[in-house]
Amino acid sequence: MPSKEMSSKKTVGKVNEKDEGIFFRYFIITVFLGFVAIAILVSAFRIGVTERKEWLKVAESSKQPDLLVNPARGNIYSDDDRIMATSAPQYYLYMDFGAEGFAVDSFYKSRHNSVDSLSYYLSRKLKNRTAAGYKAHLLKGLKSKKRQYPLYEGRVSYADLKEIKAYPFLRYHWTRSGFSTKEMMQRQKPFGMLASRTIGDIYSEIDSLGVTRGKNGLELQYDSLLRGVAGLNSVQRVGGRWTNIVAVEPENGMDIRSTIDINIQDLVEKALTDKLKELDADAGTAVVMEVKTGEIKAITNLGRVGPGRFAETVNHAVADVIEPGSTFKVAAMMVALEDKVVEPGTPVDVDKGVYAYANSKINDHNAHRGGYGMITAEKSIWYSSNVGIAKIILKGYEKNPKKFVEGLHRVGMDADLKVEIPGAGKAKLRWPNDRYWSRMSLPWMSFGYEVQIPPIQTLAFFNAIANDGKMVRPMFVKDIMKNGKVVKHFDPEVVIPEICSERVLKIVQDMLYNVVNYQDPSPAHRDGTGKPARSEVITIAGKTGTAQIASGGVYRTAGHNVSFCGYFPYENPLYTCIVVVSHPRVGLPSGGLMCGTVVKEIAEKIYANCTVFDIKKVSDDSLKILYPHVKNGDYSALKNVMDELKIKSNTTGKVNSKFVTANENSKGITLRELPLTGSLVPDVTGMGAKDAVYALENCGLRVSLSGKGCVVSQSVGKGSKATPGQTVVLTLK
């Protein structure tokens with residue numbers, strides 16, 4: 001028993017010793033892990049608090065700044081979807097000779113990537129320096145250590161840039177070559193300067209938001225839609241390589257469909273350019289407006305840039321606020337007729353063309369020839385008499401001039417047209433309470449002085465006359481598009497529903513017709529002043545205008561603005577057109593001769609281009625060809641073609657021969673058999689070369705051809721005995 005007790009005690013002791021060892025090792029591990037946890041907490045505290053700024057800098061160094069992705073600026077189209085303005089990137093080229101990784105040794109000594117090889121390729125491509133010149137240029141940059149040294153002073157296209165990037169030395173990574181670019185945006189206009197000032201321009205610099213900005217014209221007016229929104233690339237270093245982590249796609253700009261008709265624009269610009277060269281003028285503008293919609297189909301603004309050279313410089317049609325001269329008489333007459341101050345047949349004595357009023361003189365353009373004498377009110381418009389219209393307006397409004405100005409306002413001469421072109425001028429009428437109002441203001445206003453009217457305003461007024469009294473806003477843009485789909489369409493906007501009563505409108509329309517088309521039967525031959533605009537092709541109605549240009553408050557030495565505004569065709573007006581020429585140096589100032597002729601040319605060319613005839617309604621010409629010419633020849637081929645073209649044909653008797661003759665008559669084409677006898681020479685006149693050669697060679701004859709067309713003669717007559725091998729000469733015409 002004692003031995004068993006001692007044995008159990010030894011066993012318990014060993015177990016206790018083993019447990020104590022386990023607890024000790026556990027204690028050691030726990031203490032170690034505790035120290036590790038404390039170390040981690042201490043390190044986390046140090047990194048998160050004490051060293052936070054330093055580690056943030058390290059984090060920033062592991063990624064590049066976010067890059068903007070430039071959007072494509074929207075296009076501007078003509079009304080038939082031809083591009084009038086689109087964008088193309090252009091690039092400036094630079095070298096960073098101060099870059100830390102710049103490969104100096106390769107630049108000097110590399111067999112395939114040295115400065116010599118690079119200079120050769122740049123010279124051959126850019127052509128602004130020789131190879132030696134480029135080498136000197138590059139070495140100068142290297143010596144200066146400039147960080148943005150211009151490799152080339154001009155700009156290159158994207159296609160050229162891709163090619164240049166593959167040149168010696170530049171094909172290295174940018175960190176070694178120092179090669180960099182600056183992107184610019186160039187607005188390209190495929191149709192050159194056609195409507196260029198109206199379309200507008202952009203600033204080529206890409207701004208901090210990654211977009212281009214409009215400078216003027218429609219480019220500026222619709223800039224917020226055209227420019228789009230830049231995208232974003234966030235580039236970070238992952239696995240030792242720069243990688244795009246986040247990409248926000250750029251939103252390209254919307255497109256604009258303008259109202260411009262390229263064909264009309266082209267002919268308008270040519271007509272105006274030719275006239276400005278002929279007159280050696282300073283500037284000119286011509287605008288064509290669609291009557292019903294107000295859409296501007298053509299707008300040309302040309303300024304003199306050198307002897308005989310003109311270019312789009314200023315948008316004169318909308319920006320120039322000028323004294324319109326005699327075209328304004330139509331508005332004055334409309335007001336007087338509406339207020340029943342005068343009727344078309346009311347007599348007006350203009351005497352010898354000089355009228356003294358308020359210690360001043362009003363002169364007619366023909367005062368040096370004795371004036372018009374006694375005329376009617378309507379003829380004061382036909383003949384453009386300053387004295388006549390001034391007397392009419394003074395008679396009705398001398399004691400109440402405000403009523404006259406209110407009438408001008410009523411007919412829309414100062415209406416807010418909300419023209420879409422930035423910088424458009426505003427029409428200004430002079431009111432009796434104005435600072436500069438004088439006793440002469442009323443008569444002078446009656447014939448277009450002491451008022452400021454942009455040409456586009458005069459055009460809108462005359463367009464209202466053509467449009468049954470309804471004044472519509474001039475439109476330059478008809479659609480806003482996104483990815484080829486219309487997102488907004490602009491409908492015609494009525495500014496004034498009726499500028500005058502129907503009675504007065506008809507009277508004024510007749511007056512404008514006679515300005516151009518009245519032919520005086522008397523020996524005096526006093527036709528309307530718009531006679532030069534008279535056309536034998538299309539009926540034009542309108543009014544001439546001539547106004548002296550004031551300089552320092554004096555109307556003497558600054559020249560004239562001459563104009564013509566009218567519409568066509570008179571019976572069913574489709575277009576209204578205004579032409580203004582500033583300071584013509586050749587010839588006597590005349591709105592009819594200098595501008596009316598341009599409107600006439602424009603109207604006739606538009607008519608020629610746009611007229612469509614219904615052929616079914618056109619009367620037959622006395623020389624009309626009933627059927628196409630049919631040659632003699634192969635029967636089956638002729639019959640097949642005539643059946644296909646639905647040409648009436650009939651045959652005389654049964655046709656057993658391969659060949660027939662064809663004769664035209666009122667009933668169609670009559671085909672007669674042309675028998676072939678192997679021993680006799682056949683008649684091949686009237687056949688084509690192919691059939692004639694076949695028929696003759698079938699008889700064993702040889703054939704020589706002279707000319708082309710149909711056979712008109714053969715050297716061996718028909719019916720002669722055919723001798724095998726004999727040559728027959730055929731003459732074709």
Side-chain angles (χ1 to χ4, degrees), residues 291 324-350 372 374-397 403-413 415 445-448 458-472 496-521 526-531 533-534 539-545 564-573 576 578 591-592 596:
V291 170
S326 296
T327 54
F328 197 83
K329 291 173 183 172
V330 180
M333 178 60 75
M334 182 179 287
V335 173
L337 288 167
E338 195 69 71
D339 291 340
K340 297 184 178 179
V341 169
V342 71
E343 291 299 323
T346 301
V348 182
D349 185 6
V350 300
Y372 289 114
M374 183 66 74
I375 60 175
T376 59
E378 61 184 359
K379 286 187 176 181
S380 68
I381 296 295
W382 302 359
Y383 299 153
S384 197
S385 170
N386 293 341
V387 174
I389 195 71
K391 282 191 171 183
I392 291 170
I393 298 305
L394 284 170
K395 173 188 173 184
Y397 304 99
K403 184 178 180 182
F404 174 66
V405 184
E406 288 174 342
L408 295 174
H409 174 75
R410 182 179 66 243
V411 302
M413 290 312 297
M445 284 179 67
S446 69
F447 49 86
T458 300
L459 178 70
F461 172 70
F462 275 77
N463 191 81
I465 296 172
N467 195 25
D468 296 326
K470 183 188 296 182
M471 181 177 285
V472 292
I496 302 176
E498 292 182 349
I499 60 172
C500 65
S501 65
E502 187 176 342
R503 178 189 74 89
V504 171
L505 182 67
K506 183 64 174 67
I507 293 171
V508 171
Q509 289 173 340
D510 287 344
M511 288 179 178
L512 297 182
Y513 173 85
N514 284 302
V515 167
V516 178
N517 300 286
Y518 174 68
Q519 299 182 53
D520 185 5
R526 291 175 175 173
D527 294 345
T529 56
K531 178 182 177 180
R534 188 184 305 159
T539 312
I540 301 170
K543 181 69 183 75
T544 57
F564 183 93
C565 191
Y567 55 88
F568 53 88
Y570 172 75
E571 299 79 8
N572 181 29
T576 309
I578 187 170

What distance do [X] atom [atom1] and [Y] atom [atom2] have between them, rounded to the nearest 0.5 Å?
| X | Y | atom1 | atom2 | result |
| --- | --- | --- | --- | --- |
| I389 | F447 | CD1 | CZ | 10.0 Å |
| L337 | I507 | CG | CD1 | 5.0 Å |
| M471 | F462 | CE | CZ | 11.0 Å |
| I381 | D510 | CD1 | CG | 13.0 Å |
| L512 | I540 | CG | CD1 | 12.5 Å |
| N514 | Y383 | CG | OH | 9.5 Å |

Over all heavy atoms of both residues, which pair between [X] and [Y] is shortest? Give the atoms and the distance, please.
| X | Y | answer |
| --- | --- | --- |
| G542 | V516 | N-CG2, 3.8 Å |
| A466 | T576 | CB-OG1, 4.2 Å |
| I499 | A464 | CD1-CB, 3.8 Å |
| G412 | I496 | CA-CD1, 3.4 Å |
| R534 | D527 | NH2-OD2, 3.8 Å |
| V472 | N467 | CG1-ND2, 4.0 Å |

Backbone N or O of [Y] within a donor-acceptor pair of the [X] side chain at under 3.5 Å?
| X | Y | value |
| --- | --- | --- |
| Y372 | V350 | no |
| N463 | V291 | yes |
| K543 | V515 | no |

Going by heavy atoms in the side chains, are [X] and [Y] under 4.5 Å from each other?
| X | Y | answer |
| --- | --- | --- |
| C500 | I465 | no |
| Y513 | T539 | yes |
| E406 | Y397 | no |
| M445 | I393 | no |

- Worked verdict on V330 versus M511 for side-chain contact (heavy atoms from CB on, under 4.5 Å): CA-CA 9 Å; V330 180; M511 288 179 178; over 6 Å; no
- Does S501 have any side chain to side chain donor-acceptor pair (under 3.5 Å) partners at least two apart in sequence or in another chain, and if so, which?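 Side chain to side chain donor-acceptor pair (under 3.5 Å) check on S501 returns E338.
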- Query: Taking atom types as modelled and ignoring hydrogens, do the side chains of Y570 and N517 form a donor-acceptor contact shorter than 3.5 angstrom?
  - Reply: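 Note: Y570 and N517 side chains miss the donor-acceptor criterion.
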- Query: Are a donor atom and an acceptor atom from the side chains of S326 and K329 found within less than 3.5 Å of each other?
  - Reply: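 Side-chain D/A pair, S326 to K329: present.
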- Query: Run the side-chain hydrogen bond (donor to acceptor under 3.5 Å, both in side chains) check on S384 and T529 step by step: do they pass?
  - Reply: CA-CA 7 Å; S384 197; T529 56; 4.9 Å; no
- Could you go through the side-chain contact (heavy atoms from CB on, under 4.5 Å) check for L408 and F328 one step at a time? CA-CA 10 Å; L408 295 174; F328 197 83; 3.7 Å; yes
- Item | Chi angles and distances behind the side-chain contact (heavy atoms from CB on, under 4.5 Å) call for M333, V342 | CA-CA 9 Å; M333 178 60 75; V342 71; 4.0 Å; yes
- Message: For W382 and Y518, take the angle between the two ring planes, folded into 0 to 90°, and tell me which bin it lands in: parallel under 30, tilted 30 to 60, perpendicular over 60.
- Response: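 Taking Y518 first and then W382, their aromatic rings sit tilted (interplane angle of 30° to 60°).
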- Item | Residue from I392, T346, V387 passing side-chain contact (heavy atoms from CB on, under 4.5 Å) with S380 |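 Among the candidates, only I392 passes.
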- Where do V341 and K403 land on the side-chain contact (heavy atoms from CB on, under 4.5 Å) test, with the steps shown first? CA-CA 12 Å; V341 169; K403 184 178 180 182; over 6 Å; no
- Query: Should we count CD of E571 as having more than 12 external heavy atoms under 6.0 Å?
  - Reply: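 Enclosed: over 12 neighbouring heavy atoms sit under 6.0 Å from CD of E571.
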- Task: Quick one: do R503 and E498 satisfy salt bridge (Lys or Arg N to Asp or Glu O under 4.0 Å)? Show the steps, please.
- Result: CA-CA 12 Å; R503 178 189 74 89; E498 292 182 349; over 6 Å; no
